[in-house]
Amino acid sequence: MTLVESATTPHRGSAPMGRLLGAELRWVLRRPRTLVMLGLFALVPILIAIGVVVADRGGGGLIGAIAGNGLVLPVAAMTLMLALLLPLAVGMAAADAIAGEAAHGTLRGLLLAPVGRGRLVLMKAFGVLVVAVTATLIVAVVGVIAGLVVVGGADGTLVTLSGTTLGFGEAMGRVGIAALWTVGQLAAVGAIALAISAFTEHPLVVLASVLGGLIVFGVLGAIPALDWLQPYLLTTGFSAGADVLRDPMTWGELGSSTLRALCYVAIGGGITASRMLTRDA
Amino acid sequence: MGVAVAGAVGLGLLAVPAGAGAAPELPPVSAEDLVTSVIQAKDPGPLHGTVTLDNALGLPAIPGVPQAANGTSTAQVWSDGAGKGRLSVPNGQSEKTIVDDGTAVWAWDSADKTVTKKAVGADRKPPQADVTDPAAAAQKAVTDLRATSTVAVDGTAEVAGRPAYELVLRPLPTERTLLREVRVAVDSEKRLPLRLTVLANGSSDPALEVGFTQLEFGAQDPAMFTFTPPPGATVTEAPARPGDAQQPQRPEPKVVGDGWDTVVIATMPPADAQQQQGGRGGTPDLSSIGKEVSGPWGSGREIDTAVATAIITSDGRVAAGAVPAQVLTEALSR
């Protein structure tokens, strides 16, 4: 697939890629709804921390593991929010990126502007990815701080699910791996959302499709008779984030879910690009 | 569009299970020689492996032991080849870890953050102390098995990336059993059993398969064989031999039949004795599972699984075996 149309010569009127990405970055991050959403996301780890401290011990799963072991909080928060909240952020960004511009009538200007269609897709995908990375980083960083300050315990170390103790540096490495993996899963959601966004003029359709799709995937994954479907569902790997808390780390699920996410990125990206390249201005 | 197609194809490829490779070419070996070499085999030395259990036994779900219910579960094992070991059993978003550091066995459960320490002393028996002549022992084992089964080396297989011989036990036609065959894959080089497969009558899929899905030999990180209770964990010391003193002498279970249709009949301790031993915690409540059966031997509840049947009679006897229910009732009325 050619990324740059043959009609546009690289020298005349073609804006440099860095300036395009910078413009998209400002456009995405200055949007009040993005900022409000990111601010609200920062509250989630704090709320979990307060809940764990108030409720004291007990409870199973990752939430139960946070008690007295604050550095589990960022991983637990990312895993929990990956279910719906983080995809919501990515879906919103993708909905605004193409369908939102089409709804405002500004997409026509972009399509007519001396910017290759392929570059336009890359620019829009970059904007979505920035939202995914920012949202994940906010959850991770606030999670680490809230884990250390509000929950505390374990002397600044991380007690793994395997019962070993990791120092602060290594614990940060694990949080980083979890964040990277989360961004990978969100990129898959974002690519599919962008593809839907390229086909509609209504941002709400994108949002509804993303959230509805995730819920349907979750339901399909829970039906025992449809277990052959599980390797195809993006949501199957969503629980793999907890594997970074094992020692030694088990890469199997993290790796296979990341490969699955990359396949979804290819599907979404390919559909988006081919739609945008053939679209009438 | 090509990229999208590539992505869809990739997704399909990911979903295809890594199929069994071509059967490796190995020099032929007789069943006797194979069993002898397994008994004679040296300790495989330090190793790290992933063990996968594929369970289709049809057991009722037991709380706290998700591995008993149908499904797939995995565990990781490490051994330093000199008696120290580590076992880690992930279970959803928690994990149980058992570390044997040579002087004590530590059991960690991340779900309730508890550590149980159990000292092991010098009373540990060196392995294989009672096998005097491995070749004769293997010969005898195979001869004993041949009385009730056909024993054969049936081709080769690749297990955890290692070539292996498949030792197959099939019950003779005269045996009244639910089992069709039992296959053991034996590593061709280290002569270590790598996989056990149990096939039941009436199903082409294994009722139970447990084996290595990944295995590597070689020196392991010594840190794997130590355990320090993490901060915030509750540590309890278990007595060196729990229950040895307070366990009342139970009557020996009675064995009826031999070979594949062996039935074991045991007597449950009376109900009042059970309550003294700690009430409901000990024995799970079995009165709600199984189906009501009765006959000249009395009445009770029958529990069926893919490979075994058990009858718990109302007078406290338990009969179990890898046999149909009829063989159990015959043994009970004997």
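Just so you know, these numbers use all the heavy atoms, side chains as well, and skip hydrogens, waters and symmetry mates. Computed from a predicted structure; not experimentally measured. Numbered from 1 within each chain, the chains take letters A, B, ... in sequence-line order.
- Interface remark: B:Gln76 contributes side-chain atoms only to the contact with chain A (heavy atom separation under 4.5 Å).
- Counting heavy-atom pairs under 4.5 Å between each of A:Gly163, A:Gly252, A:Gly268 and chain B puts A:Gly163 at the top.
- For A:Ala242, the part lying near chain B is the side chain, with the backbone staying farther off; criterion is any non-hydrogen pair under 4.5 Å.
- Among all heavy-atom pairs drawn from A:Arg246 and B:Ser94, the shortest one is NH1-O, 3.3 Å.
- Both the backbone and the side chain of B:Pro90 come within contact range of chain A, judged by heavy atoms closer than 4.5 Å.
- In this structure, A:Thr160 OG1 and B:Glu95 CD are separated by 7.0 Å, a value rounded to the nearest 0.5 Å.
- When atom types are taken as modelled, the side chain of B:Lys113 and the backbone of A:Gly68 share no donor-acceptor pair closer than 3.5 angstrom.
- Using a 4.5 Å cut-off between heavy atoms, A:Asp227 makes no contact with chain B at all.
- The distance from the OG atom of B:Ser110 to the CG atom of A:Leu62 is 9.0 Å, given to the nearest 0.5 Å.
- The line from CG of A:Leu161 to NZ of B:Lys96 is 12.5 Å long, rounded to the nearest 0.5 Å.
- Looking at B:Ala8, both its backbone and its side chain come within 4.5 Å of chain A, counting heavy atoms on both sides.
- Within the 4.5 Å cutoff, side-chain heavy atoms of B:Pro231 are placed close to those of A:Thr165.
- Heavy atoms only, all atoms of each residue included: B:Gly7 and A:Ala266 are closest at CA-CB, 3.7 Å.
- Nearest approach of A:Pro248 to B:Trp78, heavy atoms of both residues: CG-CZ2, 3.5 Å.
- Comparing B:Thr97, B:Thr226, B:Val89, B:Leu11 by heavy-atom pairs within less than 4.5 Å of chain A, the highest count is held by B:Leu11.
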